[in-house]
Amino acid sequence: MSVPKNSEAALSPSKDQKMTFPEWTKPSIYGALGGAIAVSIFGFTWGGWTTSSNAQTMAQDFATDEVTLAMVPVCLNISEADPQRTEKLAILQDLTGFSRRNAMMETGWATRPGSDNSDRDLADACLARLALDGS
């Protein structure tokens with residue numbers, strides 16, 4: 001009895017038949033996988049690739065730094081218009097480190113327009129531009 005060519009029995013493999021791949025398939029799959037991993041490691045460590053969240057953080061930090069730098073002339077103008085400028089500069093001159101930055105914040109010169117609080121980064125940038133005793 002013969003089995004028709006289109007019947008289900010003719011299309012399904014017998015129980016003792018296994019699907020075989022050529023010998024070169026396994027090493028090439030491992031090579032492709034290893035290459036993909038190597039390229040990913042190289043790209044993220046030395047190639048400059050970045051994730052979306054890291055790129056957003058970098059962009060936010062850059063924008064904050066640029067706004068701070070743009071506000072330094074405002075800080076210097078406020079300091080020049082202050083009638084007690086000489087006394088405040090003398091106090092700043094005598095201090096160092098964090099106490100100098102805190103004193104700068106207390107002068108009110110490092111306050112952004114429209115804000116009630118002094119900005120720590122702006123205070124540091126403004127102190128650098130005032131160049132007190134080479135600091």
Side-chain angles (χ1 to χ4, degrees):
M1 179 168 158
S2 69
V3 178
K5 288 185 177 181
N6 292 338
S7 72
E8 191 174 315
L11 296 176
S12 63
S14 64
K15 291 181 182 180
D16 57 340
Q17 286 182 340
K18 292 184 179 178
M19 188 172 187
T20 59
F21 290 102
E23 265 185 55
W24 58 266
T25 307
K26 197 174 196 180
S28 63
I29 290 174
Y30 288 146
L33 184 62
I37 291 171
V39 165
S40 296
I41 290 171
F42 177 77
F44 281 106
T45 54
W46 296 293
W49 297 357
T50 183
T51 61
S52 172
S53 62
N54 193 18
Q56 288 175 349
T57 302
M58 289 172 24
Q60 183 63 38
D61 291 345
F62 179 75
T64 301
D65 292 345
E66 290 299 311
V67 168
T68 299
L69 289 176
M71 294 303 297
V72 170
V74 174
C75 174
L76 296 175
N77 287 340
I78 292 172
S79 74
E80 290 172 4
D82 190 347
Q84 297 175 341
R85 182 177 200 269
T86 308
E87 294 85 14
K88 290 179 181 179
L89 284 176
I91 293 170
L92 291 173
Q93 186 81 24
D94 293 337
L95 299 172
T96 59
F98 293 116
S99 57
R100 181 179 276 182
R101 179 178 60 193
N102 290 338
M104 178 64 164
M105 292 172 63
E106 289 173 8
T107 63
W109 299 344
T111 302
R112 295 178 193 244
S115 175
D116 295 330
N117 300 326
S118 294
D119 185 309
R120 192 175 303 261
D121 295 331
L122 182 57
D124 286 336
C126 195
L127 278 170
R129 289 290 299 272
L130 286 173
L132 302 172
D133 65 22
S135 64

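Remember, predicted model here, so these are calculated numbers, not experimental data. All residue numbers refer to positions in the sequence shown, counting from 1.
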Undergrad: Can you get from Met105 to Met71 by hopping between Ile, Leu, Val, Met, Phe, Trp and Tyr side chains that sit under 4.5 Å apart?
TA: no

Undergrad: How long is the span from the OG1 atom in Thr107 to the CD1 atom in Ile91, to the nearest 0.5 Å?
TA: 9.5 Å

Undergrad: Tell me the closest heavy-atom pair linking Trp109 and Ile78, and the distance in Å.
TA: CD1-CG2, 3.7 Å

Undergrad: Please step through side-chain contact (heavy atoms from CB on, under 4.5 Å) for the pair Arg100 and Asp94, ending with a clear verdict.
TA: CA-CA 8 Å; Arg100 181 179 276 182; Asp94 293 337; over 6 Å; no

Undergrad: How long is the straight-line distance from OG of Ser99 back to CE of Met104, given to the nearest 0.5 Å?
TA: 13.5 Å

Undergrad: Should Asp119 and Thr111 count as side-chain neighbours, where that means a heavy-atom distance under 4.5 Å?
TA: no

Undergrad: Rounded to the nearest 0.5 Å, what's the gap from CG on Leu122 to CG on Leu127? Could you check?
TA: 9.5 Å

Undergrad: Starting at CD1 of Ile29, measure out to CZ of Phe21 and round the result to the nearest 0.5 Å.
TA: 7.0 Å

Undergrad: So which atom in Val74 and which in Pro113 form the shortest heavy-atom distance, rounded to 0.1 Å?
TA: CG1-CG, 4.1 Å

Undergrad: For residues Thr25 and Pro22, determine if any side-chain heavy atom of one lies less than 4.5 Å from a side-chain heavy atom of the other.
TA: yes

Undergrad: Using the rule that two of Ile, Leu, Val, Met, Phe, Trp, Tyr join whenever any of their side-chain heavy atoms come within less than 4.5 Å, decide whether Leu33 and Ile41 are in one cluster.
TA: yes

Undergrad: Looking only at heavy atoms, what is the nearest atom pair of Ala125 and Thr68, with distance?
TA: CB-CG2, 4.2 Å

Undergrad: Got a sec: does the CZ of Arg129 have more than 12 other heavy atoms crowding it under 6.0 Å?
TA: no

Undergrad: For Glu23, does the CD atom have more than 12 heavy-atom neighbours from other residues, nucleotides or ligands under 6.0 Å away?
TA: no

Undergrad: Checking one residue: Leu69. Which other hydrophobic residues are in its cluster under the side-chain 4.5 Å linking rule?
TA: none

Undergrad: Please report the interatomic distance CG(Asp65) to CD(Gln60), rounded to the nearest 0.5 Å.
TA: 10.0 Å

Undergrad: Considering all heavy atoms of both residues, which atom of Val67 and which atom of Arg112 are nearest to each other, and what is their separation?
TA: CG1-NH1, 2.8 Å

Undergrad: Do the side chain of Arg85 and the main chain of Ser79 share a donor and acceptor less than 3.5 angstrom apart?
TA: yes

Undergrad: Roughly how far apart are Thr64 OG1 and Asp121 CG, rounded to 0.5 Å?
TA: 8.0 Å

